[in-house]
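Okay, so here's the structure we're looking at.
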Amino acid sequence: MKKVVSYFFAEYNLSRQTLKFKQLLYLFIAIKAAYWLFYYQLFFGENAIAYIRPYSLGTMKNIAFLLYNNSSTNAGYFFIIGLLGFLTLSYFIRKIPFLLEFIIWILVLNIQNKIYPTLTGGDYLLNQFLFFNCFLSKSNITNLTWENALSKCFHNFGVTAIIIQINLVYLIAAIAKLNSSDWLNGVAIIKLNYVDYYNLFSNSISTNNFVDYFINYLVLFYQLFFPVIFWINKIKVPFLILGILIHLYIALIMGLVGFGLIMIIAYVFFWPFKKTVS
């Protein structure tokens with residue numbers, strides 16, 4: 001029990017990783033915002049891709065559907081530009097906890113609900129990361145006030161939640177693969193290579209079945225044992241580099257750019273940064 005209390009209240013855990021995570025996360029959102037603006041008419045215009053049927057879910061839930069329920073075709077500009085503004089404020093103003101991050105989460109949630117047919121697993125993961133990001137501290141205050149103790153507790157909760165989230169993503173994916181005959185027989189990658197929707201090159205990337213079999217079982221092994229191996233410091237770095245390569249493949253070859261990149265961003269919390277000596 002003492003160790004649990006110490007973990008949550010003694011210090012801001014992984015503070016350096018947290019700042020890197022926030023920087024990468026905000027950069028990722030800024031790029032997505034630029035993408036939404038570039039294809040604005042497709043996402044938010046009069047003939048947008050999403051079918052909209054305004055309705056009320058109740059006072060609290062409606063906060064996440066303000067953009068969805070707005071009939072103006074220009075409302076999307078307000079949310080996207082507002083999002084970029086609050087990203088900037090959150091990045092430069094470190095003394096205001098929670099509020100700016102909460103607004104960013106709500107703005108992204110509204111945009112996602114407006115363009116719901118285009119969402120992928122990466123968007124849902126981004127949504128969860130933005131929620132946990134509300135609890136992450138941007139500055140490590142050293143005073144002994146109860147406010148600082150509470151800030152440490154919330155921060156460490158957010159860090160722990162993100163780490164658990166990534167482990168659950170891999171574990172659930174591995175369990176699903178263990179229930180698939182294609183993955184167990186080693187032919188899943190071969191079949192995926194010929195699915196145009198998951199192949200930006202419209203043909204098989206590899207012509208060697210042995211390589212495909214190897215990648216198949218390598219991915220299965222990686223996802224199944226990630227929750228264990230990332231604790232082993234001697235092999236952590238090459239193991240994480242392997243994961244980055246897997247997610248680059250998902251992003252650049254399979255075309256699931258959002259999912260591939262958001263997973264790499266979360267690796268910041270697993271990377272063994274050297275502690276700075278003050």
Side-chain angles (χ1 to χ4, degrees), residues 21-22 24-87 90 100-135 158 161-162 164-166 168-170 172-173 176 192 195-200 247 250-266:
F21 174 78
K22 283 181 174 287
L24 292 172
L25 186 66
Y26 290 179
L27 176 62
F28 177 75
I29 298 171
I31 294 172
K32 285 185 74 69
Y35 177 77
W36 292 329
L37 287 172
F38 188 80
Y39 292 102
Y40 187 87
Q41 292 304 318
L42 175 66
F43 292 129
F44 308 99
E46 187 175 353
N47 298 310
I49 192 172
Y51 171 74
I52 302 300
R53 186 172 61 88
Y55 60 94
S56 176
L57 293 173
T59 304
M60 293 300 296
K61 292 182 180 179
N62 281 345
I63 296 175
F65 290 86
L66 295 173
L67 180 57
Y68 179 91
N69 289 323
N70 194 306
S71 59
S72 173
T73 56
N74 293 321
Y77 286 118
F78 175 81
F79 277 80
I80 296 172
I81 294 173
L83 173 62
L84 291 171
F86 280 105
L87 283 173
S90 178
L100 296 176
E101 288 78 10
F102 179 77
I103 295 174
I104 290 170
W105 174 52
I106 292 297
L107 289 172
V108 172
L109 191 58
N110 269 272
I111 294 171
Q112 287 182 339
N113 286 334
K114 180 74 171 183
I115 59 175
Y116 65 90
T118 70
L119 302 184
T120 67
D123 294 295
Y124 296 118
L125 200 55
L126 170 63
N127 183 9
Q128 293 164 344
F129 284 170
L130 284 175
F131 172 73
F132 296 135
N133 179 60
C134 295
F135 302 96
I162 292 173
I164 291 174
Q165 181 68 53
I166 293 300
L168 285 175
V169 168
Y170 283 130
I172 293 172
L192 280 173
V195 178
D196 289 341
Y197 188 80
Y198 293 116
N199 190 335
L200 294 182
H247 288 295
I250 292 172
L252 304 178
I253 305 299
M254 296 181 66
L256 299 175
V257 179
F259 177 76
L261 294 182
I262 199 68
M263 288 292 290
I264 292 175
I265 290 172

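- Contact detail for Phe86 and Leu100: the closest heavy-atom pair is CD2-CD2, 3.7 Å.
- Around CZ of Phe78, the count of heavy atoms belonging to other residues, nucleotides or ligands within 6.0 Å does not exceed 12.
- In this structure, Thr120 OG1 and Leu126 CG are separated by 9.5 Å, a value rounded to the nearest 0.5 Å.
- Phe43 places none of its side-chain heavy atoms less than 4.5 Å from the side chain of Lys114.
- Classification of the Phe129-Phe21 ring pair by plane angle, with boundaries at 30° and 60°, yields perpendicular.
- When all heavy atoms of Gln41 and Glu46 are compared, the pair lying nearest together is OE1-N, 4.1 Å.
- Here Met263 contributes atom CE and Ile166 contributes atom CD1; the two are 4.0 Å apart, rounded to the nearest 0.5 Å.
- Residues Ile104 and Tyr26 form a side-chain contact, since some pair of their non-hydrogen atoms from C-beta on lies under 4.5 Å apart.
- The aromatic rings of Phe259 and His247 sit perpendicular to each other, their planes meeting at more than 60°, with 30° as the lower class boundary.
- The CH2 atom of Trp36 sits 7.0 Å away from the CZ atom of Phe44 when rounded to the nearest 0.5 Å.
- Counted within 6.0 Å of OH on Tyr68, heavy atoms from surrounding residues, nucleotides or ligands total more than 12; the atom is thus considered enclosed.
- The CG atom of Leu67 sits 9.0 Å away from atom CG of Asn113, with the distance rounded to the nearest 0.5 Å.
- Tyr55 carries Arg53 over the face of its six-membered ring, with the cationic atom under 6.0 Å from the centre and within 45° of the normal.
- The shortest heavy-atom contact between Ala50 and Ile115 is CB-CA, 4.5 Å.
- Exactly one of Leu107, Ile29, Ile103, Val108 qualifies for a side-chain contact (heavy atoms from CB on, under 4.5 Å) with Leu87. That residue is Ile29.
- Across Pro117 and Ile49, no two heavy atoms sit closer than the pair CG-O, 4.5 Å.
- Expressed to the nearest 0.5 Å, how far CD of Gln112 lies from CG of Leu130 amounts to 7.5 Å.
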